[in-house]
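Data first, discussion second: the structure below is written as structure tokens.
Letters go in sequence order (proteins before strands), and every chain restarts at 1. Bear in mind the structure is a predicted one, so any value in this text is a computation, not a measurement.
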Amino acid sequence: MDLTLKIWRQENRQAKGRFETYLVTNISPDSSFLEMLDILNQQLVDKFEMPVCFDHDCREGICGMCGLYINGRPHGPDTGVTTCQLHMRKFKDGDTITVEPWRAKPFPIIRDLVVDRSAFDKIIEAGGYVSVNTGGVPDANALPISKKDADIAMDAAACIGCGACVASCKNASAMLFVSAKVSQLSMLPQGKIEAKERVKKMVAKMDELGFGNCTNTGACEAECPKEISLSHIARMNRELYAAKIL
Amino acid sequence: MNTIFNSSVGRKLIMSLAGLFLISFLLVHLGINLLVFLESKEPFNKAAHFMGTNPVIKIMELTLFGGFLLHIIYGMIVSLQNKLARPIGYAKSNNSQQSFFSKYMFHTAVVIGIFLVLHLIDFYVKAKFIGGVPEVVYNGENYHDLATLVIARFKIGWVVWVYVAALLGLGFHLHHGFQSAFQTLGLNHPVYTPIIKGLGILYTILVTLGFMSIPVLVYFIK
Ligand code: HEM
Ligand code: FES
């Protein structure tokens with residue numbers, strides 16, 4: 001495949017960025033999107049130019065490091081996959097592909113396509129944990145948990161914190177991320193104890209960091225590589241009302 | 001103070017409660033307005049008189065103004081904050097699959113807001129403050145003949161167009177707003193949410209076409 005790439009280049013946080021156009025040729029449809037960028041970067045290095053910076057780590061869809069805004073969609077045209085799991089067969093020979101970084105005030109650009117997502121870490125630090133004094137390993141059946149609750153918690157825990165929800169949301173809202181992190185703990189007995197404090201602190205931190213307000217557009221759910229459901233947002237709202245009002 | 005009201009979720013809570021209140025108001029408003037199609041003008045004029053004078057309704061009227069105000073003020077705050085959350089936009093516009101009208105809630109709101117002012121001036125302010133509304137007598141009592149006023153208004157072509165256009169805006173706003181309010185309230189359920197969405201569409205079509213029928217039918221047949 002031969003492709004034209006329009007890629008956002010920006011030297012550092014302060015610099016004014018711009019789009020650069022690159023050509024890549026002879027790309028296998030079976031290569032991943034990041035492998036295609038590796039080929040581009042090799043071309044650039046061979047010409048003594050700066051390679052394009054982008055985040056990645058596991059390249060198997062589980063770490064949440066990769067994240068590119070490709071042709072107007074976070075993680076590109078496929079659904080339920082991360083950028084590293086996106087394959088070039090999803091594009092056509094001769095396509096022009098526009099690649100941008102996540103755009104949100106709380107996610108400043110560090111360089112090129114790499115953004116600073118430590119805002120998510122700050123939200124987790126605010127309450128996304130369970131304070132336990134660890135003792136011995138408890139008996140497996142000491143704390144019975146219904147299959148339904150365990151499934152909901154597990155679905156929420158699938159969130160890898162990539163930030164696609166924020167990137168896709170027209171309001172740059174982080175509600176899907178925060179609600180997944182709230183739900184994965186509050187559905188389980190160990191997490192219930194601190195549930196009220198947790199939801200208050202995490203929502204307060206989310207607001208403080210400058211994420212937008214949710215208007216239920218559903219873009220986050222459609223773009224989430226782990227297909228986290230909007231129902232977690234409703235649960236978080238319920239928990240917050242209960243914690244603040246009741 | 002660390003109350004619900006200075007949280008992003010709390011702001012939406014207020015909007016959704018006020019929005020649902022406005023949604024229920026629209027049904028009452030529509031019900032009374034449809035009386036204008038009756039042969040006799042008496043039921044409409046009497047209903048309008050009741051709504052203008054009954055003390056309980058007076059309190060509801062104040063609540064209604066409060067609801068509008070809260071909804072509008074918080075709508076503006078929310079929309080402004082959402083703009084600020086992404087100071088630099090994307091070059092390639094968003095292709096994500098999402099509820100279509102949710103993208104235009106602010107735009108449809110501006111249409112409704114402007115219409116609201118025009119509409120209030122058109123009837124409410126005239127009846128309450130300016131005067132000049134014709135009078136009729138039923139059983140020895142004086143009533144405003146609002147039915148005649150309404151019919152005269154909707155005999156003017158451009159007025160009909162303005163109402164139809166504004167009601168389209170309202171319909172788009174409601175199409176997203178109805179079900180969105182339930183999600184904001186935390187009411188999301190695998191079985192009931194699809195039902196709520198269905199009811200929302202039914203309500204939206206009913207209210208939009210119901211209100212539209214008044215200027216359009218008055219223009220053509222009354
Ligand atoms: C009869 C008139 C109106 C009704 C029934 C109505 C109803 C609603 C409802 C139910 C929502 C969804 C709330 C939520 O998701 O929690 C909404 C959202 C919104 N409304 Fe209204 N509204 C009306 C008029 C207005 C007016 C006059 C304005 C402003 C000038 C306005 C501004 C907004 C905005 C900006 C939103 C977007 C927030 C969101 O998407 O959740 N609305 N409206
Ligand atoms: S690199 Fe780990 S999820 Fe893509």
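- Your options are A:Thr98, A:Val166, A:Thr215, and the one with the most heavy-atom pairs under 4.5 Å with chain B is A:Thr215.
- For the 3.5 Å distance criterion, the side chains of A:Asn213 and A:Asn171 fail to qualify, holding no donor opposite an acceptor.
- For chain B, the nearby parts of A:Leu230 are the backbone and the side chain; heavy atoms of each come within less than 4.5 Å.
- The aromatic ring centroids of A:Phe211 and A:Phe177 lie 6.0 Å or more from each other.
- Only the side chain of A:Asp207 comes within less than 4.5 Å of a heavy atom of chain B; its backbone N, CA, C and O stay farther away.
- Two rings, from B:Phe44 and B:Phe37, have their centers 6.0 Å or more apart.
- Under the 4.0 Å criterion applied to side-chain N and carboxylate O atoms, A:Arg117 and A:Asp55 are assigned as salt-bridge partners.
- In this structure, A:Asp78 contributes its side chain and A:His87 its backbone to no donor-acceptor pair below 3.5 Å.
- A:Tyr69 touches chain B through its side chain: at least one heavy atom from C-beta onward sits under 4.5 Å away, while N, CA, C and O do not.
- In terms of heavy-atom pairs under 4.5 angstrom with chain A, the leader among B:Pro190, B:Pro87, B:Ser99 is B:Pro87.
- A:Cys220 places a side-chain heavy atom less than 4.5 Å from the side chain of A:Ser168.
- Between chain B and the options A:Arg103, A:Lys170, A:Arg238, heavy-atom pairs under 4.5 Å are most frequent for A:Arg103.
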- Task: Check the pair A:Asp121, A:Ser118 against side-chain contact (heavy atoms from CB on, under 4.5 Å), reporting the backbone distance first and the verdict last.
- Result: CA-CA 5 Å; A:Asp121 300 334; A:Ser118 50; 4.0 Å; yes
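- A:Thr83 places a side-chain N or O within donor-acceptor distance of the main-chain N or O of A:Leu68, the cut-off being under 3.5 Å.
- There is no contact between A:Pro77 and chain B, counting heavy-atom distances below 4.5 Å.
- Ring geometry for A:Trp8 against A:Phe19 counts as perpendicular: the plane angle is over 60°, on a 0 to 90° scale with 30° as the lower cut.
- Both the backbone and the side chain of A:Thr217 come within less than 4.5 Å of a heavy atom of chain B.
- Within the structure, no pair that satisfies the side chain to side chain donor-acceptor pair (under 3.5 Å) test touches residues 191-209 of chain B, not counting sequence neighbours.
- Listed in order of number, the residues of residues 171-182 of chain B that approach chain A to under 4.5 Å between heavy atoms are B:His176, B:Ser180.
- Contact count versus chain A (heavy atoms, under 4.5 Å) is highest, among B:Lys83, B:Lys103, B:Met105, for B:Lys103.
- Judged by distance alone, with hydrogens and angles left aside, the side-chain atoms of B:Asn94 form a donor-acceptor pair with the main-chain N or O of B:Ser96 at under 3.5 Å.
- A salt bridge links A:Glu208 with A:Lys205: the closest approach of a Lys/Arg side-chain nitrogen to an acidic carboxylate oxygen falls below 4.0 angstrom.
- Neither the backbone nor the side chain of A:Ala243 comes within contact range of chain B, judged by heavy atoms closer than 4.5 Å.
- Put simply, of B:His189, B:Met15, B:Lys12, the one with the most heavy-atom pairs under 4.5 Å next to chain A is B:Lys12.
- Interface summary for chain A: among B:Ser8, B:Ser79, B:Ser7, B:Gly89, the most heavy-atom pairs under 4.5 angstrom belong to B:Ser8.
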